[in-house]
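Structure incoming, see below.
For clarity, every value in this text was computed on a predicted model and none was experimentally measured. Chain letters run A, B, ... following the sequence lines, proteins first and then strands; every chain starts at 1.
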Amino acid sequence: MDILEDLNPRQREAVEAVDGPVLVLAGPGSGKTRVLTHRVAYLIRVCGVPPWQIMAVTFTNKAAREMKDRLHHLIGARLGQLTIGTFHAVCARILRREAQHLGVDSSFVIYDDDDQLGLIKQALKELDLDHRTYQPRAIQGAIRQAKQELVDPDSYVPKTYWHEVARRVYARYQKLLRDNNALDFDDLLMVTAQLFRQHQDVLHKYQRRYSHILVDEFQDTNMAQYQLVKLLAGEHHNLFVVGDEDQSIYRWRGADFRNIQRFRRDFPEAKTILLEQNYRSTQTILDAARHVISRNTQRTDKRLWTEKEGGVPITLVEAYDEQEEAEFVVEEISRLVASGDFSPGDHAVMYRTNAQSRVLEEAFMRHGLPYKLVGATRFYQRREVKDLLAYLRLIHNPFDQVSLSRVINVPPRGIGPKTLGWIQSLADRRQVPIYTALQLVKEAAEEQASRSNEEADTPAYRPQMATFSGRGGNALLGFLSLLDSWIAVRDEKRVHELLDRVIQDTGYEAHLRDGTPEGEDRWENVQELRRVAMEYAELPPAEGLASFLEEVALVSDVDNLDEKVDAPTLLTLHAAKGLEFPVVFIVGMEEGLFPHSRSFDDPEAMEEERRLCYVGITRAKERVYLIYTFRRAMYASSEECEPSRFLHDIPQHLIQGPGDLMGRGAPAPIARGPARRQPLPRATSAPGYKPGDRVEHPAFGEGVVISSRPAGDDEELEIAFVGRGIKRILASYVWPCK
DNA sequence: CTGGTGACAGTTTTT
DNA sequence: CTGTCACCAG
């Protein structure tokens, strides 16, 4: 039975526990994906469960894809009969099939965060509410939270007057969604749960269909997701969940790791299996991570162990500021690569906030080294991509008002707020969507034209027409005829051909390529989108458009991480979950940054920061570098920093510092002797510059010193660089010009 | 209707 | 120091 062969006893137990509920608590690197895939294969090949009776849900498309890839080796073509996907994708599929029970059309569109925010703003406007008191973002948060707890506007119990207003906005927002035949991300879950609760027959159908349910990253489920799987498994209880409380880092998005406890309570007969053998890291790394996480209260203690005993100590580094921090990282990576032990792609640099990536990027660029950046602005969130997708959504469904108002004046075609407001109010008066209102205007205009010879001045027509005669009206008609011309060919043209037509007819290319480098970047993104569209060229046109739109709605990040490129990866700690690297640098280990200051007054938030640190450290296979700075630029000013409390939790014997570089005593507060305050061994000690001195900088080239002031043991110079303007730079970064 | 200016706020982000 | 948004002058 090859399926069980390469599993350790615990993993094997998890795979073989076929009947009833099973909870697998899987530490980092303990092979949970392996357990999941092998269990599916075991169910099919050994227990004879038909593949179509198995549902496996994940949180990310990436996880789903990885699972499919691995399963392909184990079960081959039968893979296609399994239901594997994200919660949202699985729910969307169910909802399209059961649309008749729901008051939505099965062609509903899925709104993302931006669309959602737009609709909330509209709701606020319609209710005549002040957007300063009722900030759209805050309202959005309240609505999302409610939906994740399966609370609809009618059952919403406001805690404060503000929440009462939020409830009203919520109700209005839901109506707007329905008017647009749209669901937002959270609806996919909430509406599915409602469907199951209100239609027992439908629920039974799915309960019978899926005899085995598996859930990955169970600690990240929210209430809605938990209720969903609980409902689905309500009859047979064959629910297999894998999770790790210590890696729960999405509390702020509604994830509730207490679902693990709930699971134990709701399924008391559940078998619990601990996976504690780690196949990733050295013992040193595991020990350090355990010391950090063990200060958390609400957790099951696990003792991770590995056969990779010992290992290199954790390296702790103090840098003068974020520049030097970045410089250290880049140089250390270069050194490790030069030593021959590691290749560039073995390294990851992790940080708490995206803003920290910039300095790092600059350092890599200065050294002429390539790097991979994860996250930042996501592809499908870029303006140009969203614009073009809105056009396509509009072609697919011209009644989608959110998409319509997004693009009706992009590129600018003379339809400003006034004209938009006019057509909107016409639509409201007639109780029709804007698209229909546009058609009414067109009919009226045609009628007027045909009468223009003799009867144009008939009093009955004049007042109605007067309003849209002129620029606004013509612009609207122009837009409508564009849209209609695309709709006319919608079922013949393939997605990328439609895209080309839109770009062509709207002059979108010229709109983007305004001569700036950013414009070129944007145009490049359009090309990328076109490449994605090309992948749907095989399908019949109408189907191609529909599945393209579904796919891009639910696949936000194009998992752009290109495995083939051999370069260091820059990413947030959150983005690092689920990944592993031989060498991990965690930068910005300072109080206020990591842990973030927002967590100071909330013990639960602080525990989450701690878990985040745990996740970061456990990504490493061989080496970990923890770096903090003496001072860091915050917005405009630069502030002195305190080393992160998490550093104190790692026992001294696991740590190695470059000599007395860090005046650090454990376990007491980090002793920072007054001695070491200067930037590190970079250029020889600052010689003392005065205005007029000529200096050279590795990136900016030659410049002239304008002013100088002491900064610690270093000095901060204002330098005018040839063609680069004036920069403030530490003396140790420049060399005197001979 | 557009493009410019000033006030204001500013973690993390699976879908 | 950014980016976003409301507001005002062409």
Side-chain angles (χ1 to χ4, degrees), chain A residues 57-65 85-92 110-117 121 130-132 135-138 140-141 144 147-148 183-189 216-217 219-222 224-225 247-255 350-359 374-378 380-381 383 409 411-421 470-472 475 550-557 559 571-579 588 592-600 602 605 608-609 611-613 615-616 633-638 728:
Chain A
V57 280
T58 61
F59 278 81
T60 64
N61 293 294
K62 200 172 136 209
R65 197 174 327 133
T86 63
F87 272 101
H88 292 83
V90 169
C91 286
I110 299 167
Y111 281 174
D112 71 8
D113 279 9
D114 279 354
D115 304 325
Q116 187 180 31
L117 200 62
K121 284 179 185 163
D130 174 31
H131 62 273
R132 270 186 296 262
Q135 290 181 11
R137 284 261 169 228
Q140 183 184 34
R144 298 205 64 169
K147 288 189 173 184
Q148 285 166 4
L183 297 177
D184 63 27
F185 283 142
D186 301 305
D187 274 344
L188 294 175
L189 307 177
D216 190 15
E217 303 281 14
Q219 77 281 353
D220 287 337
T221 49
N222 59 33
Q225 288 159 332
Q247 293 186 69
S248 163
I249 54 174
Y250 287 105
R251 189 183 79 107
W252 47 276
R253 283 204 107 215
M350 303 174 188
Y351 35 81
R352 179 66 239 266
T353 69
N354 275 311
Q356 290 169 261
S357 72
R358 243 186 74 177
V359 185
V374 177
T377 329
R378 311 168 96 65
Y380 285 103
Q381 240 160 272
R383 200 186 55 206
N409 200 31
R413 52 172 73 90
I415 305 176
K418 195 159 158 244
T419 310
L420 189 56
R471 270 190 325 201
E550 168 97 14
E551 194 90 345
V552 297
L554 292 174
V555 178
S556 76
D557 201 342
D559 304 77
L571 73 180
T572 62
L573 287 149
H574 283 91
K577 197 172 80 162
L579 304 176
L593 187 57
F594 189 35
H596 197 275
S597 52
R598 298 247 170 156
S599 63
F600 283 170
D602 178 354
E608 179 141 316
E609 296 284 307
R611 292 192 290 268
L612 196 52
C613 185
V615 167
M634 294 298 290
Y635 308 128
S637 63
S638 167
R728 263 201 281 237

Would you call the rings of Tyr250(A) and His574(A) parallel, tilted or perpendicular, where under 30° means parallel and over 60° means perpendicular?
tilted
Between atom OH in Tyr380(A) and atom P in dT13(B), what is the gap in whole Å?
19 Å
Distance, rounded to the nearest Å, where Arg598(A) contributes CZ and dT12(B) contributes P:
10 Å
Measuring to OP1 and OP2 of dG10(B), would you say a side-chain N or O of Asn354(A) lies under 4.0 angstrom away?
no
Decide yes or no for Glu608(A) and Ser599(A): does some side-chain heavy atom of the first lie under 4.5 Å from some side-chain heavy atom of the second?
no
Whole-Å gap separating P (dG10(B)) and NE2 (His596(A)):
11 Å
Select one nucleotide: of dT11(B), dT13(B), dT15(B), the one nearest the side-chain heavy atoms of Asn61(A).
dT15(B)
Could you check if the base of dT11(B) is syn or anti? Syn means the glycosidic torsion is within 90 degrees of 0.
syn
Assign each of Asp220(A) and Thr419(A) to its nearest nucleotide of DNA chain B by heavy atoms, then name whichever residue's nucleotide is nearer the 5' end.
Thr419(A)
Is the phosphate of dT2(C) approached by Arg358(A) (side-chain N or O, under 4.0 Å from OP1 or OP2)?
yes
Distance check needed: dT11(B) C1' versus Leu571(A) CG, whole Å only.
15 Å
Measure the CG-CG distance between Leu183(A) and Leu189(A) for me, rounded to the nearest 0.5 Å.
10.5 Å
Are Asp113(A) and Arg144(A) within salt-bridge range, i.e. N to O under 4.0 Å?
yes
Under-4.0 Å side-chain N/O to phosphate OP1/OP2 contact, Thr572(A) with dT13(B)
yes
Shorter than 3.5 Å, N or O on both sides, protein versus nucleotides 2-8 of chain B: list them out with atom names.
{"from": "dT2(B)", "atom 1": "OP1", "to": "Gly414(A)", "atom 2": "N", "distance (Å)": "3.3"}
{"from": "dT2(B)", "atom 1": "OP2", "to": "Asn409(A)", "atom 2": "ND2", "distance (Å)": "2.8"}

Between C1' on dT15(B) and NE2 on His88(A), what's the gap in Å once rounded to a whole number?
4 Å
Quick one, Leu579(A) and Val374(A) - any side-chain contact, counting heavy atoms below 4.5 Å?
no
Calculate the interatomic distance between Met634(A) atom CE and dA9(B) atom C1'; express it in whole Å.
13 Å
What is the distance, rounded to the nearest whole Å, between atom CZ of Arg137(A) and atom C1' of dG3(C)?
12 Å
Just the rounded figure in Å: distance from P of dT13(B) to CD of Glu609(A).
12 Å
Classify Lys418(A) by what it touches in the nucleic acid, base, sugar-phosphate, or nothing, heavy-atom distance under 4.0 Å.
sugar-phosphate
When rounded to the nearest 0.5 angstrom, what distance separates CD in Gln116(A) from CD1 in Ile110(A)?
13.0 Å
Regarding dT15(B), can its base be found pairing with the side chain of Arg253(A) as donor and acceptor, where the two atoms are less than 3.5 Å apart?
yes
Distance in Å, Leu571(A) CG paired with Lys577(A) NZ, rounded so as to fall on 0.5 Å steps
13.5 Å
CZ of Phe594(A) to CG of Leu573(A): how many Å apart, nearest 0.5 Å?
5.0 Å
Mark this stacking check for Tyr250(A) against dT12(B) as yes or no, applying ring centres under 5.5 Å and ring planes under 30°.
no
Name the residue closer to the 5' end of DNA chain B, choosing between Thr353(A) and Phe87(A) according to the nucleotide with the nearest heavy atom.
Thr353(A)
Of all heavy-atom pairs between Ala475(A) and Arg413(A), which one has the smallest distance, and what is that distance?
CB-O, 3.3 Å
Sequence neighbours excluded, the answer for side-chain hydrogen bond (donor to acceptor under 3.5 Å, both in side chains) partners of Gln356(A) is Thr353(A)
Nucleotide-resolved protein contact map, nucleotides 5-10 of chain C, B/S/- at heavy-atom distance under 4.0 Å:
SS----
